[in-house]
**Student:** 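Supplied in structure tokens, the structure appears directly below.
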Amino acid sequence: MVHRRKRTKITSPGLTELPHLPLDVPGLIHDYRHYFTYSLGQNKYCYSVNYFYKALAMTVRDRLMDRWRRTRYSYIESHCKRGYYLSLEFLMGRTLGNAMLNLGITDAAGQAMQQLGINLEELADSEIDAGLGNGGLGRLAACFLDSCATLQLPVMGYGIRYEYGMFRQRIVDGHQIEEPDHWLRDGNPWEQERPEFIQRVRFGGRTEHYRSDTGEQRVRWVDSRDVLAVPYDIPIPGYRNGTVNTLRLWKAAATDAFDLGEFNAGGYAESVATKNEAENITMVLYPNDASENGKVLRLRQQYFLASASLQDVIDRWVMVRKGDFSEFAANNCFQLNDTHPSCAVPELMRILMDDQCMGWDQAWEITCRTMAYTNHTLLPEALEKWPLPLFGQLLPRILEIILEINARFMSEVSSRWPGDNERMRRMSIIEEGAVPQIRMAYLAIVGSFSVNGVAALHSQLLIQGLFRDFYELWPHKFNNKTNGVTPRRWIAHCNPGLSSLVSETIGTGWISDLQLISRIAGRADEPAFRERWHDIKQANKERLSLLVEKICGVTFNPEGLFDVQVKRIHEYKRQLLNILHVIHLYDRIKRGDTAGWTNRCVLIGGKAAPGYAMAKLIIKLINNVAAVVNADPAVGDRLKVAFLPNYSVTAMEIICPGTDLSEQLSTAGKEASGTGNMKFMMNGAITIGTLDGANIEIREEVGEDNFFMFGLTSEQVEELRGNYDPCAIISRDDELQKVMSLLRCGHFNLFETGLFDPIINAVCSPHDPWMVAADFRSFVDAQKRVAAAYQDREGWTRMSILNTACSGKFSTDRTISDYNEEIWHLKPMPVEGGE
Ligand code: 26Q
């Protein structure tokens, strides 16, 4: 049973004002022994690596704790403006290695473990990923937190503490099998429960309109079934700067009242079932990376996050400023990670009006001045919508507020464009139809002062397409914030070899100011430097090939070109185009067309949403093609293909440093940004890609000679729609014809007749939205240029160096600085005690 703890203020400095703990080897050894022996009760017969991990985690955590406390003081005592990143997903991956890096104790911890006879690597390897996200959007949130802390910005993350994160993927007979990810099984040393900040979230019930004592019209939400939100705080250390920010994750728990009432009425089983209903809310992450519409549990999750987080912020405000909200908007900013937390807009209205007794106009002014919305998709089918009746049943008060927001918004539209009913219909937050739907993106736009896309092209396409009407009304709201990734995890942590070389060459400043990494560009023409660069890449390729061998049983010879595509499996990302190219290479080998051949190791990895049949079939095809190719003695080292199961943050930490060629094949105009593309670039892979998302900006930065571009532009794609004729394309292209013939004749599904027909039909359909056949020729030609370029080792290494050297723009430090300068306007807060 959960109780909200009574809060007591402690004033004794003797209790709280401790000095920093030592970061040196003896200090670490001392604490490690203490935790191992006393807290964990272990001894010389300990055989579980988990205890060795936990003792180090606790030792490191202590060193975060005092920095965390000082950071809190600095924020509280300065009354500074705060930012909040609201996200249904935070794909954090492992914590230990990153915490040690950011504290600057990686080497000391390594020595300490060595002196104790413990293998640090094995120990760190036993940590389970915090997989509380699907892919790009969730990992972006995690990189953002790292950069906010590194820039010393007072930003807090708010999310959900899912009991089960992203499913674990196994491949059985070439098929994806999903298994639950019980990541909290062995406990989580990085979280701290904070029962003193429990919130109560309402569901169901009805609203009552009444007149207050002072005669004002008020609303209360009654007969609701309430759920408690219990916060768990996770420390987010900045890079060697003394700042430790907070990620607050909410867990759902049943209220006491529920249980008591039903227990006494004798409904024991019913009461336990009710408890389950409450706790179900945070049980599992939805494993779709495009919206799955209409699942009421998902809506419960979304409102649960928005409500608990906003109440938490308001409680803190009221504690200090009482009922004075005149400065609230100037001191708080909420960034909505896609529409998933967009209930925050009506929820803030509810809190201000119903709980804080504010009138509509003042509440609306505050809401619109504090909310900012980031869009992550261009696919119209992925825009979130909720059936209005379902919404009203679950959140009656919130629906009322949304309808009022819409009514006022519609009158604004009609005074701007009198009589334009068609436009009103288009722009309404409520989509009319047999079952009216709430358009969450429109709600987010109407309730925000800023709306941004995540790459230049994406932001451009948003205002020309999906959000055109809104852009005409409010051009000042729309802006671009090109994504990034954190160079701490994605270079310094995952590629120690490259990091040492770079630091030795230009110093260590690049880790917190990635633009400085351009200083290695001058070394690209220096043979000795190239030699070292090449050796590091080779070592990383060996590390990757060990993983592939162990997990897939496929032998990758590190002399070959490592050609990698890892990301969620989606038709628009065109893993299919990749595999068609693989089939083409196989066909060439079989025909003996191998003059001047470049050996290739093709690695593909990614999860398919469990309900996405076509994506799962693509996985099966990749596995079947791999089986045929790898088993053919005529192929040998010329071509190897592997599907790596259970792609994850931790897998990417091994994959991107060992990659030569980064595959970014989305149909132009469909990938909002991409972020894997940036991780590869930073680690010296060359991109083969379409002019889509951030690929365009990557190419701009590195120069067209150091990027393999192919395919239609987004304009050409749209132009072609309507008279797209894949059959004609196939019949005109000999090599594509051969590939299709191999597929059709069942060469990759000998005992599974017709298995891949849906794929063949999709490629041949004039309605194929992803236009796979249209880009085949251009892709194959670009791959030929890649193969030729790889034969020139010096030239390739030069390109590799330049890719890393030109990756400065893609640090989330730059992205977050842009958010801060143009949207949040927060002041960096130095923390007393430094480092
Ligand atoms: C929504 C409603 C119900 C269930 C699931 C969802 C849902 C969950 C996750 C919808 C979308 C997502 C994730 C989207 C995503 O990851 N988008 C990617 O975001 C990256 C960061 O901006 C971009 O780089 C990618 O281009 C974009 O595809």
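Whatever order the structure lists them in is the order used to number ligands and atoms, beginning at 1.
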**Student:** For the residue pair Arg248 and Tyr232, would you count it as a cation-pi contact if the rule is NZ or CZ under 6.0 angstrom from the ring centre and within 45 degrees of the ring axis?
**Tutor:**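 Judged by the rule (NZ or CZ under 6.0 Å from the ring centre, within 45° of its axis), Arg248 is not positioned above Tyr232.
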**Student:** Scan Lys616, Arg170, Arg168 and name whichever one has a salt bridge (charged side-chain N to carboxylate O under 4.0 Å, His left out) with Glu178.
**Tutor:**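 Going through Lys616, Arg170, Arg168 one by one, the salt bridge (charged side-chain N to carboxylate O under 4.0 Å, His left out) with Glu178 is satisfied by Lys616 alone.
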**Student:** I'd like to know if Glu653 and Lys679 make a salt bridge, using a cut-off of under 4.0 Å between side-chain N and carboxylate O.
**Tutor:**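 Judged by the 4.0 Å cut-off on N to carboxylate O distance, Glu653 and Lys679 do not form a salt bridge.
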**Student:** Are Trp386 and Phe391, when compared by the centres of their aromatic rings, separated by less than 6.0 Å?
**Tutor:**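 Here the rings of Phe391 and Trp386 have centres that are no less than 6.0 Å from each other.
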**Student:** Going by ring pair (Phe, Tyr, Trp, His ring centres under 6.0 Å), name the residues that satisfy it together with Tyr286, two or more places apart in sequence or in a different chain.
**Tutor:**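 With sequence neighbours excluded, Tyr286 shows a ring pair (Phe, Tyr, Trp, His ring centres under 6.0 Å) to no residue whatsoever.
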**Student:** Which pairs of nitrogen or oxygen atoms, taken one from ligand 1 and one from the protein, are under 3.5 angstrom apart?
**Tutor:**
from: ligand 1; atom 1: 16 (O); to: Leu137; atom 2: N; distance (Å): 3.0
from: ligand 1; atom 1: 22 (O); to: His376; atom 2: ND1; distance (Å): 2.6
from: ligand 1; atom 1: 22 (O); to: Asn483; atom 2: OD1; distance (Å): 2.8
from: ligand 1; atom 1: 24 (O); to: Gly674; atom 2: N; distance (Å): 2.8
from: ligand 1; atom 1: 26 (O); to: Glu671; atom 2: OE1; distance (Å): 2.6
from: ligand 1; atom 1: 26 (O); to: Ala672; atom 2: N; distance (Å): 3.3
from: ligand 1; atom 1: 26 (O); to: Ser673; atom 2: N; distance (Å): 3.0
from: ligand 1; atom 1: 26 (O); to: Gly674; atom 2: N; distance (Å): 3.1
from: ligand 1; atom 1: 28 (O); to: Tyr572; atom 2: OH; distance (Å): 3.2
from: ligand 1; atom 1: 28 (O); to: Glu671; atom 2: OE1; distance (Å): 3.0

**Student:** Check the pair Thr374 / Gln335 against side chain to side chain donor-acceptor pair (under 3.5 Å), numbers first and verdict last.
**Tutor:** CA-CA 7 Å; Thr374 304; Gln335 191 71 44; 2.8 Å; yes
